Structures are given as C-alpha cells and as structure tokens.
Protein chains: 4
Amino acid sequence: MAGSINEATLLGNLGKDPDVRKTQEGKEIVTLSVATSESWRDKSTGERKERVEWHRVVIFNDALAGIARDFLRKGSKVYLRGQLQSRKWVDQSGQEKYATEIILQGFNSVLVLLDPKREEASRPVSETGTSQSAGDNDDLDSIPF
Amino acid sequence: MAGSINEATLLGNLGKDPDVRKTQEGKEIVTLSVATSESWRDKSTGERKERVEWHRVVIFNDALAGIARDFLRKGSKVYLRGQLQSRKWVDQSGQEKYATEIILQGFNSVLVLLDPKREEASRPVSETGTSQSAGDNDDLDSIPF
Amino acid sequence: MAGSINEATLLGNLGKDPDVRKTQEGKEIVTLSVATSESWRDKSTGERKERVEWHRVVIFNDALAGIARDFLRKGSKVYLRGQLQSRKWVDQSGQEKYATEIILQGFNSVLVLLDPKREEASRPVSETGTSQSAGDNDDLDSIPF
Amino acid sequence: MAGSINEATLLGNLGKDPDVRKTQEGKEIVTLSVATSESWRDKSTGERKERVEWHRVVIFNDALAGIARDFLRKGSKVYLRGQLQSRKWVDQSGQEKYATEIILQGFNSVLVLLDPKREEASRPVSETGTSQSAGDNDDLDSIPF
DNA sequence: TTTT
DNA sequence: TTTT
C-alpha cells in the first residue's frame, strides 16, 4: 500500500528444526532454514544438474511463530511468503557482515504447512527441550539479532 | 517444477542507472539497484516511520537485459520477479563476504516497466557512456561479480 | 493460513472509472474493471497477436476502497492482489448466471497505484457525479451484486 | 513482459480425478477442479465459518499436462499458477454462459505436486481406464471447449 | 542442513 | 467434488 512491493515466496524443506529464541520482552522469534532446489539438464553435456539454495526465514508474527514452533521440524515441507530484509553488522573480529533474510512479520505474511497430517503433528511441543538445534549451521547461527 | 518455489517479487524504483557488463563471451549482464519502502505508524510514539530496503537484481535473460539497459534509468519504477540466490566470496583483504541477489534468468522471470511513456524511452542507449552511475550506493557497488 | 492459497494478481489498466456503491449499512464498495493484455507472435503466420482480458475487481476493504475511489480513474494503471470468488445467481429472465470476481477484502489484499503523480490525483472526488462510467463494458455492468 | 500481469495462484486439493481430453490434433488437455478454503471466526456470533471455493484449471502446457494426468488424483494437494481467462458461449438452450478459468499454458505456468511420495505415485496411469471421472460435476463438465 |  |  506504500507504493512498493517487497515479497519473497518459498516452497521448500526445512534443513533443521526451527530455532526458537525469546526477546528480553518474552516475545518468541522463530528462525527457519529452508532449502529450495532447481534442477535442469545441461545443454552442452546433457547431464542433470541441481542447485540448492538455502534461505534464512525469521518469523516475528506471533501466530505464525507458534505454528512454526509447534508443527515444523527438520525435513518439513512449507510454503511461505515474507519480505526481504538485509542486515549489516560487525562481527567479533571487527569484520563487516551482511545477511539477507525473509521476514514474516505483518499481515501480508503467509505460512502453510505441507506435511501430511500425522498424529504427532497435533501434539504440542513440550516446554522443555525440543527446540535446541543440533549446533550445526554455525554460520547462520552466529548472525546476531 | 522441481517441487520447490523460490521467487522474489519487487515493485520499486531504481536508485541509479542500470549497470551493464559483458562476459568474456560477449553476453550482456545488467544489474539493478532497486529500492522498496514501507511506512507505518509507530504504535507507541505515533510517529510516521519509513524503512527503505535496497535490492540487488541481476538480469541474465537476454531479452530482459536488453529492455532494462535501454529503458530503465535512475528513478525508474519497475515490477520484477526472479529467484533468490546467494553468493559467498573472499574479498581482497581475505575476508569472507556474502550477498543475496535476485536473479532474472529463466522462463519464470518477469520485468515490467512502469514509467509513463516518454519519447526518450524508446531511444537506445549510446554505446559509450550512460551507465556510469553517480557513485552513490557504494556498498552494493563493491560486491564483486 | 488455512492450508490453502487463493490469489489473483493483476497489473493492468482500468477500462472505466471505479464504480462506487453503498451497502444499506453505509459501507462503500468499489468495483473496478481492469484490463490485462498479452501479445505474442503467431508461430505459423508470423503475425503479431494480442489478447485482452477483462477482470472484475470488488474492493470491500475500507482503506483500499477509499484509495480506489479517490485516485483511480479510467485508464489508470494499477497493481492489485485479491482472492478469486465465484457467484451464481438467477437473472430476471430466470436464467442461471455465473461470475468470477477478484475480491479485495482481508489483510492479504494489495492495491498499488501506478499512475505518475499529478496534482489532481490528490483531490478527492466530489460527492455528486464522477462515478457514472461511459456505458462501455456493458456485460460486466449487468452483473448484479 | 507485455506491460501487464495476469496471474492466479492456488494451493488446494483436487475434488476429483483430472479430466483428460484430446484435441483433434491429438494434443492432450487436462482439466482440474481445485478447492481452496478459508476459515474465520465470525466477529458477532463467535462461531467458526468456512468458505470453500472451486476453481476450474485448464492445462495446455504439454509437460505439465502429462504430470497432472499421471500423478494427480482426487484429493491430491497441488500448488499452481496460471492466467485468468474468461470464456463466453451459448448453451443448447440458447442461453449465454460465462466461465472464468485458470489457464496453464506458457512459460510462466507453475505446477507443483504436494502429495507425499508413495510407491504408486511413480507408476504411470494405464492407458485404459483411470481418468473417467464419476460423472459428477455436471455443471463444469458441460462447459464446451 | 532438507527434499526429489 | 477436495482438504483441515
């Protein structure tokens, strides 16, 4: 409505469990690592090629964050739409870093779970445990908020 | 068609003239710097806020690259759709850099010019000159290809 | 969020002035007739072809309805997104009729004006007059609400 | 690229098996009946409401038609994008009819299967049988091509 | 790091 | 007519 459009739309799979953090005010923020892939046949060699792209998705919208936390897991298929937003910061070694994320925040945000319904899907996540991710993905994890 | 979707859609304005480069094979690649903005009223203070986001758009599709080169200029309004793609590289000082771009390459790419028709719009750009931009937006310029 | 997506996105021009109606409760509903066109070269004959498609757009969202009423006119270029919705009714002669419309209602709706800024654009429409359209596009006009 | 955009995007389920027809030239055209639904809580009564919308999707693109014919079935979940196109015709009783369809034809078309992989999914449909639908959906079926 |  |  502001005269411009900024949207990123993904249909892909989670590379790991959602990462759940809490702000100092107690608001939950959920971060996803989503893979999309495209494949094509190389015109010259004829071989099948695949390119995988990893996207960092940050969910500020409370309702969507809760859904993501409770129902998405490593491997889950998801459809989502948010805004592109870039952040710049200086890391511990004084180097300037830059990251682009897909932010699900306002009303235009979309998150649709595409996993087939399983019984477990409706069980809420226990308060303790579950959302600590395995510690992999250090590069993305190290991005300050 | 590969079972995933990776799309970024922008409706915004160019921050500077398109940047036109040629690969060693003579293929033209056009890079755009596109601004989108969103504005909202701060709930606590009530003041009007605006956030501008800059996007780097790289056009590999020949037809769209030609249109961009010939008809887009600093300030032009454009609607476009492409794929998100991230690149990592090591800069001169040995530091690892990372950039996310919107790539217009395949069939799903879209580029629509939204400027009102002017006489000049149909005049092709001269081979010499034109695409040196004013030197603003330095951060994006410094990203190597 | 209900597990499904239903969206229509248009970038096109108004074929006539917006049509403004009021419900019995006094709520304004604005209807647009929007043209999109595609052109292609016929593979067999080589001639240039064009196909124009007319879309009926109904705006229930108050904010967007107000913008449409005040700033859109015959010929205006607009970008919008809404939901597809079909209606069936029986006309005066007892025949069953069917129409599909694009509804701008909820939070996911988008309406962006793409006309260049003119002074007149900011002048509100007078209460009397203005929204009688030229009488073209009769087919769409005859659809009852 | 023609200066306008006309897109419909659905994420929904098939209400019946795909309908496969052949043109006189032997080209296969596949028609889908896709449901999307939205649900909301009525503000005044507080009850849960649901609205289901049925969409007619016609696939002219050969590759996508083949995928739809082989892998989609009643109940399948699918993500797709095509163009809105309306047709008018006179039925047997001389009445003028009107229908809006989502056409998957050109390069911008998208079709993604969202069913979990089953063994059967990769088995091609036998030449005989399978695609005769139950004869329900008479209204849509009766639309001439 | 996912999925096909 | 689907699905949740």
Side-chain angles (χ1 to χ4, degrees), chain A residues 10-19 31-41 48-57 67 71-80 111-119 121-122 133-142, chain B residues 1-6 86, chain C residues 1-6 86, chain D residues 10-19 31-40 48-57 67 71-80 111-119 121-122 132-142:
Chain A
L10 303 182
L11 174 45
N13 296 279
L14 269 69
K16 52 175 193 169
D17 284 353
D19 183 50
T31 303
L32 309 178
S33 181
V34 176
T36 56
S37 70
E38 56 171 339
S39 62
W40 67 95
R41 194 165 293 281
R48 194 107 211 104
K49 302 251 190 165
E50 184 183 38
R51 184 190 156 85
V52 174
E53 187 71 33
W54 287 97
H55 310 266
R56 184 174 158 89
V57 176
I67 291 171
F71 298 117
L72 291 178
R73 290 295 171 267
K74 179 176 182 172
S76 292
K77 190 179 281 296
V78 70
Y79 174 84
L80 62 88
L111 181 73
V112 179
L113 314 183
L114 296 173
D115 293 317
K117 282 291 167 299
R118 298 176 276 150
E119 302 319 309
S122 52
S133 57
D136 41 20
N137 209 351
D138 285 327
D139 270 343
L140 288 176
D141 280 334
S142 66
Chain B
M1 224 160 69
S4 66
I5 298 284
N6 167 7
S86 293
Chain C
M1 224 160 70
S4 67
I5 298 285
N6 167 7
S86 293
Chain D
L10 302 182
L11 174 46
N13 296 278
L14 269 69
K16 53 174 192 170
D17 284 353
D19 183 51
T31 303
L32 310 178
S33 181
V34 177
T36 57
S37 70
E38 56 170 340
S39 63
W40 68 96
R48 194 109 213 102
K49 301 252 188 166
E50 184 183 39
R51 185 191 156 85
V52 174
E53 188 72 33
W54 287 97
H55 310 266
R56 185 174 159 89
V57 176
I67 292 170
F71 297 117
L72 290 178
R73 289 296 171 267
K74 180 175 180 170
S76 292
K77 191 178 281 295
V78 69
Y79 175 85
L80 62 87
L111 182 73
V112 179
L113 314 184
L114 296 174
D115 292 318
K117 283 289 167 298
R118 298 177 275 149
E119 302 319 309
S122 53
Q132 306 91 320
S133 56
D136 40 20
N137 210 350
D138 285 326
D139 270 343
L140 287 177
D141 279 334
S142 67

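We name chains A, B, ... by the order of the sequence lines, and we start the count at 1 in each one. Quantities reported herein were computed from a predicted structural model and do not represent experimental measurements.
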_Set of side-chain contact (heavy atoms from CB on, under 4.5 Å) partners for C/Asn6, sequence neighbours left out_ =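 Residues passing side-chain contact (heavy atoms from CB on, under 4.5 Å) with C/Asn6: C/Gln83, C/Leu84, D/Leu10, D/Thr36, D/Glu53, D/His55.
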_My understanding is that only residues two or more places apart in sequence, or in another chain, count here; which of them pass side-chain contact (heavy atoms from CB on, under 4.5 Å) with A/Arg41?_
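Result, side-chain contact (heavy atoms from CB on, under 4.5 Å) vs A/Arg41: A/Arg48.
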Taking [atom1] from [X] and [atom2] from [N], how many angstroms apart are they, rounded to a whole number?
{"X": "D/Leu80", "N": "F/dT2", "atom1": "CG", "atom2": "C1'", "result": "14 Å"}
{"X": "A/Asp115", "N": "E/dT3", "atom1": "CG", "atom2": "C1'", "result": "11 Å"}
{"X": "A/Trp54", "N": "E/dT1", "atom1": "CH2", "atom2": "P", "result": "9 Å"}
{"X": "A/Leu11", "N": "E/dT3", "atom1": "CG", "atom2": "C1'", "result": "11 Å"}
{"X": "D/Trp40", "N": "F/dT4", "atom1": "CH2", "atom2": "P", "result": "19 Å"}
{"X": "A/Glu53", "N": "E/dT2", "atom1": "CD", "atom2": "P", "result": "16 Å"}
{"X": "D/Leu10", "N": "F/dT2", "atom1": "CG", "atom2": "C1'", "result": "13 Å"}
{"X": "D/Asp17", "N": "F/dT1", "atom1": "CG", "atom2": "P", "result": "14 Å"}

*Expected output: side-chain A/Asp115 to main-chain A/Ser76 donor-acceptor under 3.5 Å*: no
*Is there a donor-acceptor pair under 3.5 Å between the side chain of C/Ser4 and the backbone N or O of D/Ser37?*
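Checking the backbone N and O of D/Ser37 against the side chain of C/Ser4, a donor-acceptor pair under 3.5 Å is found.
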Nearest to the side chain of [X], heavy atoms from C-beta on, is which of [options]?
{"X": "A/Lys16", "options": "F/dT2, F/dT1, E/dT1", "result": "E/dT1"}
{"X": "A/Glu50", "options": "E/dT3, F/dT2, E/dT1", "result": "E/dT3"}
{"X": "D/Asn13", "options": "F/dT3, E/dT2, E/dT1", "result": "F/dT3"}
{"X": "D/Ser33", "options": "E/dT1, E/dT3, F/dT1", "result": "F/dT1"}

*Sugar-phosphate, base or nothing in reach of A/Val34, heavy atoms under 4.0 Å*: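 Answer is nothing: A/Val34 stays at 4.0 Å or more from every strand.
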